[in-house]
Structures are given as C-alpha cells and as structure tokens.
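Data block below; observations after.
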Amino acid sequence: MRKKTFSRFLQGAVSMVMVASMLTGCGGSAASTSSSNASAETATTAADNVEYKDTLIVGEYGDSDSLDPQKNVSHDKIERELYEGLLEIDPDTGEFKGCLAESWEHSDDYMTWTFHLRKGVKFASSGKEMTSADVVATFDRLLDKEHPGRYYQNVEFIDTVTAPDDYTVVMTLAHAFGAVEDTLTQACTFILNKDYIDQYGDDMGFDPATIDGTGPYKLVSWDVDEQVVMEASENWWRGEAGTKNLIVKIIPEASSRAMAIETGEVDIIDRPGVDDVSRLESTDGLVVFKKPGYGIHGFQYNCSEGHVTSDTKVRQAIMYAIDKETICQALYGSIGETATHGLVAPQYFGYVDLGVQPYDPEKAKELLAEAGYPNGLDLSVMTYNGYNKGVELAEAIKDYLGKVGINVTIDSVDGATFNASMNGITPDQMSWDMFIMGYGGLGGLDCDGCLRRVFVTSSDGLNTNNYGWYSNARVDELLNGAIVEMDQEKRKEMYKEAQQILYLDDPVAVYFNLRSSIFVMTDKVEGFSMLNLPRRAVSCSASGSLCRRKVNGYYKDFARSWATKRLLRLCCQSAKDRIFQYGRYAAVNRLHTEQG
C-alpha cells in the first residue's frame, strides 16, 4: 500500500481565485443585526479589550435549491458551511490533504483506497461522533443504482465502500479512475449523518431538522428565497468558528445588493453588478476584492428533437453570427473580464486554449442556408438576472442574430424557474432553444468535473446533468475514456479533442466571458483572504475562526484556528495590501509580522 497524507495535485498549481472567509468569519453592523432579528451581543478579547460583533450578514444573488449536497444543483456556498468531506485542497500548495480523513493510502494498482478517519469529529446538530458507518451510509446512498441521484455519474467508478472498524473506510473501485482524490473534494461526497439518512431519506435537505453535518455551522432556519440563518457549531473539530451567527440574505437584484452594502444592511455582498463596481470601489468604508475566477458565462443549446438547435449547422451558424469579444468588452470590460478562450477555465487540468469562438456573419448565413433556413428562423432564448448582465447579454445576442435573419424572443426568468429547468425534466418540458448557463467544475480542478457529467449523452432522457440533451458519440467515447486512462498525458490529448468538438466542431454553447470573483465588504470586516484555491473553497471553512468584525480599536485577535500559523501569514499579507488605502491596517500588519 502506498501511504499519503498529501497527494500531488494534477497540474501542480492552480490559478488565483477567491476564498471568502465571509462565510465562516467576521461580524455585522448594529443596524443589520437588528434588521435580521439576530442577537446584538458583542465579544471582547481579554488580551486587548477589543470588542466584536457576533453576527455576519452576507448578501447573496441566489438561494440554494436544496441543502442536501447529493441533490443541490445551485451554488454550494451554504452547504460548505454545514458539511465536510473526506478530503480537501490545501490553500497554500493546491495539493490534496485530509479533512475528515486524517490520512489515506492506495494500493499499487490504485484500485483499493483506505481512509483513516479523524477521531472525535462530531456532527453539529446532534453532537453524535462521526464514524465509518456514516461514511459508508453516505456513499451507499450516493451509489444507489436503484434510485440514482443527480451525482451518481460522478462516483460510479466506486464499487464498494466498507468499514473494517469505526475509524477505517475501504473503498474499492469498479474500474480504473484518474481523478479519485479530485472527486472526493466535491460537495456531492460530503459526509452525512447515517441516523438522519435512515430517518429522513429523500426528505433531507429542506427542513433544518433534517440537516446535520460536521462543518463549522449548523442550520437554524431557512426562509426560501429570503434568508438562511446559521449558528456556530460548538462541536466543530477544528475549534470555534470566528463568528457566532452567520446570516445569508438572498438579494437577486445586483443593484439591490449594492444598496444593501452601501446602507449597512449587510456586511458583505457576492457578485456585485458590473455597473456598480466602480462606484463601490470609490466609496469610503467599502473594500472591493476582485480576482480572476474559474467560471464562464454561456448560452447553451437545447439539442433535443424538435428544436432548430438540434442541427449542428444551425448551432455553428449562431456561434459565427455573434461577436463575442465585442460583447464581452462592452458588458464586462469595466471589471476586467474578457472573452474566454475555451469551454473551461485555464486552471483546470486538461484545459486547451482554443481562442475565442470565431465571428463571421457571412459564414453564419451560409450555414443557415445549408441547414435549410436561407430566409432565417425563429429562436427562443431564456436568461436569468442572477448572472451578471444576463438580460443584457441575451439582448446583445438578439441584436447580432437579427443581422443574419434569426428572430429572437427573450424570456427572462426568476431563480426558481431557472433552477427547475435544470433539475431532471424531459425535453417536452423545456420550450427554449437556448438558455443561459454558468460553467465550472464541481469542486476539484480536473476537466472530468466540468465536462463528463454535463456533456455525455443522458442515459435516461432527463436533463438532470446534461441540461441541453447534447449528444455526440465521439465526445462520449473521449470523456468516458479519459477518466479511466491513468496516463495523464493521454488524458490531456483526449480532453483536447473533446473540447475541440464541444467548442467548435459540434458546439454545445456560445461561450462569452471568463468570470471574475468579486466580493464587496465594509472595511470593518477583517480576515477576508484571496488565496490560491479552486472553486470548492470559495466559502472556505478552514479559515473561519480567523475572522471577526471589529467594533472599536485595532483588530488583534487573528485567532484560534487549527491552521493559525499557516493562515496568519496569508491574512497579514491581505492586511498589508490594504495599508495603501486604509492606513490603520498597518497596526494589524505590524502586530503579526513576527508570528506570520
């Protein structure tokens, strides 16, 4: 057996994205605390008599559709405060490391994996100790072939998961798989409480009484599309979370989120509107964090029978008819976002730079004629304002397609309708020919996580994962083959060919901007960091206890985390960067220079 506590991460490095200590730290203003019915208690450190609020309020663009990690189709930021998995990715190195598994090893042929669990880990709500029985129950539910869930395809490489004792888990594979560790960082593999699985079954994930994870917070209440209220777990194995109360307010309109941070209703907002960023950057008392992201905006084709977009030539014509670079510059240039050069972000293993999808309106007209539409056609397009400039993007598409004879009707929907349309429906239940979509992986940084699940032919005819019923036999062969190929260079070649087909030859979507990760917060929030982490850690729990909100005086209690020494340096660097605009942060940097 080959033992490891760290495994070399594919690619060896990841690009800069954001970690929001936002969801595990900091506090809230008095006004926002009052408006959310949260307590207005304050905490004071004995060492320096610095007082801190006990509540942090975050403004999010959309709610979760479920807080069951095996079912959720929307963002997983809230889930990552409630649950944890066997493995995670180290924020400094990009390598895999143990989370609920303290260490692990695999056989020489990589077909048997043994995980040694941490002892003393407890679930937040019940206080029950997590054991191997919970891990086995979690994967048995995920691997149930009789009732396959949304993410069954992600883990179908696993044959059995057994427990020789309370703190050992043995996973045997059904076939070779090139991204075992990457998959075990994904939210769908978060460990659930076996007792809750037995008691609530498919009803898990909606009522707070059905939710019990090992994360830093436990769910107190959930008013769907309004707010989520969480309270720090007294059982978290890493130590006390940085802030007692965490409230996530759902504010779909970008302009309303901007107003909320400006008026003090919230302490942090996620995904500010493009038109608001410049103003917020120049507003006293606010700090804007912005880094290149990992996601991509696109409009995906409905390839099901009966839709004009089931024809490859029509899809190519639409692609050629739209000037992606000009649109991206006009809509997103002010925040530094540019047109993507591929259908995955550059930090993913297997990424290929294919350039911007070409713009050639004359070629578009030729392809339409070849497809039997010399006089043009009608096209229905769905968009959702939860995506930055989602409506304006659809309108730009309409303008360009009109120039080649394609008449576009736009349907702008709310978040509930958008989520429902990607949640296991049949082709006759989706009327649109194209629909807006955000693309990115599920947790790790392997192309498998953002290609195979969503583009391999749907086996049951539902769009549970393959949202537009795309089907290409060669793509199926390549993506299914790449994941069982253990030679990483061969995997790259297979992903290269698959991306060429999906992006250009038999396009699955029109791709637009490579998105940035942007958060805005009051300057009273401390401990927020932008680290070298993949998407899975956007709401990183690991750094949670490093973050508190200052009420008066200088922030000096950076804190009480299992990773204090490692993260102090990173947090100090964050504070140091702010000295240039906010001089009082200099005291923070000096305080921790020697420690960091």
Side-chain angles (χ1 to χ4, degrees), residues 1-5 7 68-71 83-88 96 98-119 121 123 128-202 204 213-214 442-444 446 448-449 452-453 456 459-460 464-465 479-486:
M1 302 287 278
R2 184 173 301 171
K3 187 172 183 179
K4 56 172 78 176
T5 52
S7 172
D68 179 345
Q70 295 186 10
K71 295 179 181 178
Y83 303 96
E84 296 169 307
L86 292 175
L87 305 182
E88 60 187 11
F96 299 111
C99 183
L100 297 181
E102 196 166 35
S103 64
W104 71 102
E105 65 254 17
H106 58 72
S107 58
D108 290 339
D109 63 0
Y110 290 87
M111 295 297 288
T112 302
W113 294 70
T114 303
F115 299 87
H116 304 282
L117 304 182
R118 295 184 188 277
K119 297 180 180 179
V121 174
F123 287 97
K128 186 191 84 169
E129 184 181 10
M130 182 208 69
T131 68
S132 56
D134 300 296
V135 179
V136 171
T138 296
F139 282 93
D140 282 350
R141 182 176 187 251
L142 195 55
L143 290 163
D144 185 355
K145 295 180 181 179
E146 298 301 318
H147 303 90
R150 170 177 295 278
Y151 299 106
Y152 172 79
Q153 189 174 1
N154 292 51
V155 295
E156 54 78 30
F157 65 89
I158 301 172
D159 185 22
T160 62
V161 179
T162 58
D165 60 53
D166 284 348
Y167 302 104
T168 305
V169 173
V170 178
M171 183 180 293
T172 58
L173 306 193
H175 55 74
F177 192 76
V180 174
E181 291 153 314
D182 190 87
T183 301
L184 295 180
T185 69
Q186 295 176 9
C188 64
T189 67
F190 284 168
I191 304 306
L192 308 175
N193 186 333
K194 179 182 184 300
D195 296 345
Y196 280 50
I197 294 175
D198 294 339
Q199 181 175 354
Y200 300 109
D202 288 339
M204 290 177 63
T214 65
L442 289 171
D446 191 285
D448 177 68
R452 182 170 59 93
R453 181 179 67 90
V456 165
S459 59
D460 59 7
T464 307
N465 294 299
L479 296 182
N480 287 328
I483 202 57
V484 300
E485 174 59 62
M486 301 306 290

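- Using a 4.5 Å heavy-atom threshold, the side chains of Phe157 and Val484 count as separate.
- Annotation: salt bridge (charged side-chain N to carboxylate O under 4.0 Å, His left out) contacts of Asp198 (sequence neighbours excluded): Lys194.
- When every heavy atom of Gly98 is checked against every heavy atom of Leu87, the shortest pair comes out as CA-CD2, 4.2 Å.
- In terms of the side-chain contact (heavy atoms from CB on, under 4.5 Å) criterion, residue partners of Glu156 (sequence neighbours excluded) are, by chain and number, Tyr152, His175, Arg452.
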>> Walk me through whether Asp448 and Asp182 qualify under side-chain contact (heavy atoms from CB on, under 4.5 Å).
In response: CA-CA 9 Å; Asp448 177 68; Asp182 190 87; over 6 Å; no
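- Taking the six-membered ring where the residue is Trp, Trp113 and Tyr110 present tilted rings, their angle falling between 30° and 60°.
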>> side-chain contact (heavy atoms from CB on, under 4.5 Å) for Gln70 and Asp144? Distances and angles first, verdict last.
In response: CA-CA 12 Å; Gln70 295 186 10; Asp144 185 355; over 6 Å; no
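- Note that CG of Asp134 and CD1 of Ile197 are 7.5 Å apart. Values are rounded to the nearest 0.5 Å.
- Atom CG of Asp202 has 12 or fewer neighbouring heavy atoms from other residues, nucleotides or ligands inside a 6.0 Å radius.
- Once rounded to the nearest 0.5 Å, the distance linking CD of Glu105 with NE2 of His116 reads 3.5 Å.
- To the nearest 0.5 angstrom, Leu192 atom CG is 6.0 Å from Arg141 atom CZ.
- Between Ile191 and Thr214, every side-chain heavy-atom pair lies at or beyond the 4.5 Å cut-off.
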>> side-chain contact (heavy atoms from CB on, under 4.5 Å) for Thr189 and Thr138? Distances and angles first, verdict last.
In response: CA-CA 8 Å; Thr189 67; Thr138 296; over 6 Å; no
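- In this view, Thr172 and Thr160 satisfy the side-chain hydrogen bond (donor to acceptor under 3.5 Å, both in side chains) rule, not counting sequence neighbours.
- Contact of the Glu129 side chain with the Asp166 side chain is not registered, since no non-hydrogen atoms from C-beta on lie closer than 4.5 Å.
- Side-chain atoms of Thr183 and Gln186, non-hydrogen and from C-beta on, do get closer than 4.5 Å to each other.
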